[in-house]
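In what follows, a structure is listed as structure tokens, so that the remarks can point back to it.
Numbers restart at 1 for each chain; the letters A, B, ... are given by sequence-line order, proteins then strands.
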Amino acid sequence: MSTSSQHQFRYTQTPSKVLHLRNLPWECIEEELKELCEPFGKIVNTKCNVGANRNQAFVEFADLNQAISMVSYYASSSEPAQVRGKTVYIQYSNRHEIVNNKGPGDVPGNVLLVTIEGVEAGDVSIDVIHLVFSAFGFVHKIATFEKAAGFQALIQFSDAETASSARNALDGRSIPRYLLPDHVGSCHLRISYSAHTDLNIKFQSYRSRDYTNPYLPVNPTAIEGLIQPTIGPDGKKKEFGSNVLLASIENMQYAVTVDVLHTVFSAFGTVQKIAIFEKNGQTQALIQYPDVTTAAIAREALEGHCIYDGGYCKLHLSYSRHTDLNVKAFSDKSRDYTIPDPSLLGAQVPATAWQNPQAAAIYPGTVSTTAQVPGGQMPSWDPTMQAVRPGFVPAPGTFPAQTYAAPPIPAYYPKALPAASSPIAQTSPITRAPNSMGITQPGISPSGNLQPSSASPTGHVSSPLAQTSSLAQGVVQPNARPGGMSPPGHRRYYG
DNA sequence: AGCACA
């Protein structure tokens, strides 16, 4: 009983066509294995990302002598075998062939199967998933579900190349903390390929989305699902949805104006009215949407997020008892966007036009430039989709009065637009510690140039939060094009 | 840094 375990250290190993490689970087991909081994012979099979740390691999040569030549070469070489600068240790495997190399999940396809470990289904919204994966290309569809393996999502890209770039960059990574509820510990993504090629999404709902077909009906029971989770965990605080959100603003180091709130909350639909007030020394605000659904989506997406980088102006959202606010139309603490600005009635541009460029474009149905997706099919990125981007504001003077009419489609649809880059990639633990709202990209910190309290006449709004939603920002972000570059960061770990 | 679980 004392000697049996000693066999694992074999100083004399039987040569095998199969080599065991360890101390690989966990990101190692098959191509890198081949690159390393091909000089010694023909590779007939590989298996990488093996083991708990995903840092081992197997390579099978066509011929035993090829494997022997590789082992003996590095046994006497002064230069060790390396992948991404890491020394790789090579031995004969104790098996003579690689079995089951290509499981179903290893066959590349355009649909990824993502398992989100360590979370409940309600912890990660579909919007967060969309944000994370949009960094690699246009996400066509997402379906989420719960299986024995945990919370899973199927994510459909245009093609296998895009899907694999997302897989290679995100497999094993975590969704940043600031995109998750506080109670979630680490949550790792395990990504494989699905055998699906085209997901059949029947409704826009809290568990599935079809971003190629914004006109897909909203599943009414799915809307319930959005509102239900707001019931307190203890069950005693039963909240019902309302079209009016109550926002408490924590750690308010910087001014939060009506305009800022409007920018942030407009990302999810038409904001009708806003009122800011003080209660118990804390700043609160009421934000009125046309309907409960829009409010629910905004609440879901913004709860716990900070308006400004650095943990400033953290939002806590609940449903108000109000359904229709009675506020002054134009004061510094309130705004009624349903009333046209009388001072500008004669002018070409309504007051809200420059303050809220996104308000009009949110609803494609009201904007003539909007592209209807034919048949709901969009095989690849279609630039006309940008018509629904906030950047596509109709020319001044074309602002129709019905801009604030009831939206013809679910208001959260625009949130589904591709994000600039993956928050995961942006906040790698190596290069940058995740902060409260680390996805504030273009240098809009409170200490920066842009004053949070001012809305620029050009329509460029000053909310990083809004930019994160890829919505309230009136500017098309240069790297936001799906199918474009990989996000910065995922190549950073060479060396 | 020491062998794969589909």
Value in whole Å for how far the C1' atom of B/dG2 lies from CD of A/Gln56: 7 Å
Is any side-chain N or O of A/Arg95 closer than 4.0 Å to OP1 or OP2 of B/dA4? yes
Distance, rounded to the nearest Å, where A/Arg190 contributes CZ and B/dA6 contributes P: 12 Å
Mind checking whether A/Tyr289 and A/Phe265 have parallel, tilted or perpendicular rings, split at 30° and 60°? tilted
With a 4.0 Å cut-off on heavy atoms, is A/Glu97 in touch with a base, just the backbone sugar-phosphate, or nothing at all? base
Starting at atom CD of A/Gln91, determine the distance to atom P of B/dA1, rounded to an integer number of angstrom. 13 Å
Rounded to whole Å, how long is the line connecting atom CD1 of A/Ile98 with atom P of B/dC3? 16 Å
Round to the nearest Å and state the distance from A/Gln82 atom CD to B/dA1 atom C1'. 16 Å
Tell me which of A/Tyr89 and A/His96 sits closer to the 5' end of DNA chain B, going by the nucleotide each one is nearest to. A/Tyr89
Relative to each other, are the rings of A/Tyr254 and A/Tyr308 parallel, tilted or perpendicular (30° and 60° limits)? perpendicular
In whole angstrom, what separates A/Asn49's CG from B/dC3's P? 17 Å
Let me know the distance between CD1 of A/Ile90 and C1' of B/dG2, rounded to the nearest Å. 14 Å
Set of salt bridge (Lys or Arg N to Asp or Glu O under 4.0 Å) partners for A/Asp123, sequence neighbours left out: none
Under the criterion of centre distance below 5.5 Å and interplanar angle below 30°, is A/Phe58 classified as stacked on the base of B/dA4? yes
Assert: residue with more 5' nearest nucleotide on DNA chain B, out of A/Gly51 and A/Asn55, is A/Asn55
Between B/dA6 atom P and A/Asp106 atom CG, what is the distance in whole Å? 10 Å
For A/Phe157 together with A/Phe136, are the ring centres under 6.0 Å from each other? no
